[in-house]
Amino acid sequence: MATRKKAAPETVAEVPKIVTKAPAIPKGRVVYVGPTLLSLGLTKGTVFIDGMPAIAKDVMSEHPLIASLFVPVSGLSQALEQVEMRGSALWVAANDVKEVK
C-alpha cells in the first residue's frame, strides 16, 4: 500500500510582528519600586514629587522598562507585591534594570 505525502503549502503565512512599547513616563508623585541602583542614585522606596527623575530618563534608551518601576503612591502596595511575583511585568522590569551600571 503506497502512502501519499501531503503537498507543502505554496505560501508561507506571515508571522505577526510583536510591537513593544515603552511604558508611559509617569507624572506627579511617584515611588521607585525597583532595585537600589547606587550608580543612578536610586533607592527602592524613594518618593519623587515631579515624576521620574532625569537620570532615569537618560537610562530609558537602553532599559525602557525602568519607567514602569516608578509607580503612583496610591498603587505602592500592589506594585511591591508585583515586583516580588516571579514573571510579573514589574518583576521582569526590576530584573532588567539590575544590569544598569
Side-chain angles (χ1 to χ4, degrees):
M1 178 175 217
T3 57
R4 205 172 191 185
K5 291 184 179 179
K6 292 183 180 180
E10 292 181 22
T11 59
V12 177
E14 286 188 36
V15 177
K17 292 181 181 178
I18 298 174
V19 178
T20 55
K21 189 167 94 172
I25 296 175
K27 299 182 192 254
R29 190 172 298 202
V30 295
V31 181
Y32 175 69
V33 295
T36 296
L37 302 171
L38 296 178
S39 62
L40 298 180
L42 291 175
T43 304
K44 185 174 188 170
T46 303
V47 177
F48 296 91
I49 296 172
D50 291 324
M52 190 167 68
I55 189 76
K57 291 176 186 174
D58 294 342
V59 177
M60 281 188 65
S61 61
E62 291 185 36
H63 299 277
L65 298 178
I66 195 168
S68 62
L69 296 171
F70 292 89
V71 299
V73 174
S74 61
L76 178 60
S77 63
Q78 183 180 5
L80 290 174
E81 289 176 12
Q82 292 293 315
V83 167
E84 299 299 324
M85 187 181 303
R86 187 175 188 90
S88 71
L90 288 180
W91 182 86
V92 170
N95 282 287
D96 176 62
V97 299
K98 284 181 182 177
E99 300 171 10
V100 173
K101 302 254 186 271

Problem - Residue pairs involving residues 25-44 (criterion ring pair (Phe, Tyr, Trp, His ring centres under 6.0 Å); sequence neighbours excluded) - result: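 Residue pairs passing ring pair (Phe, Tyr, Trp, His ring centres under 6.0 Å), neighbours aside: Tyr32-Phe70.
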Exercise for the section: Taking the side chain as every heavy atom from C-beta outward, state whether Arg86 and Trp91 have any atom pair closer than 4.5 Å. Expected result: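 Answer yes - side chains close enough.
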Handout entry: hydrophobic_cluster_shared for Val71 and Val73, side chain cutoff 4.5 Å
Key =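 Yes, it is one cluster - the side chains of Val73 and Val71 are joined through contacts under 4.5 Å.
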Problem - Hydrophobic cluster identity match, Val33 and Met85, side-chain contacts under 4.5 Å - result: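 They do not share one cluster, since no chain of ILVMFWY contacts under 4.5 Å joins Val33 to Met85.
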Exercise for the section: Could you walk me through whether Met52 and Val30 pass side chain to side chain contact (heavy atoms under 4.5 Å, CB included), step by step? Expected result: CA-CA 7 Å; Met52 190 167 68; Val30 295; 5.6 Å; no
Exercise for the section: Please name all residues satisfying side chain to side chain donor-acceptor pair (under 3.5 Å) with Asn95, sequence neighbours left out, ordered by chain then number. Expected result: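 Per chain and number, Asn95 pairs via side chain to side chain donor-acceptor pair (under 3.5 Å) with Lys98.
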Practice task
Grab the two heavy atoms, one from Ala93 and one from Ser68, that are nearest each other, plus how far apart they are.
Solution key: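 So the minimum-distance heavy-atom pair works out to CB-OG, 3.4 Å.
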Problem - Distance, nearest 0.5 Å, that separates CD1 of Ile55 from CE of Met60 - result: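 CE of Met60 is found 13.5 Å from CD1 of Ile55.
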Could you give the side-chain donor-acceptor pairs of residues 42-49 under 3.5 Å, partners two or more places apart or in another chain?
from: Thr46; atom 1: OG1; to: Thr43; atom 2: O; distance (Å): 2.7

Handout entry: Single hit among Leu90, Asp96, Val97 for side chain to side chain contact (heavy atoms under 4.5 Å, CB included) with Leu65
Key =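 Of the listed residues Leu90, Asp96, Val97, the side chain to side chain contact (heavy atoms under 4.5 Å, CB included) partner of Leu65 is Asp96.
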Exercise for the section: Tell me, yes or no, whether the heavy-atom count around Lys27 atom NZ, taken from other residues, nucleotides or ligands under 6.0 Å, exceeds 12. Expected result: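 Result for NZ/Lys27: open.
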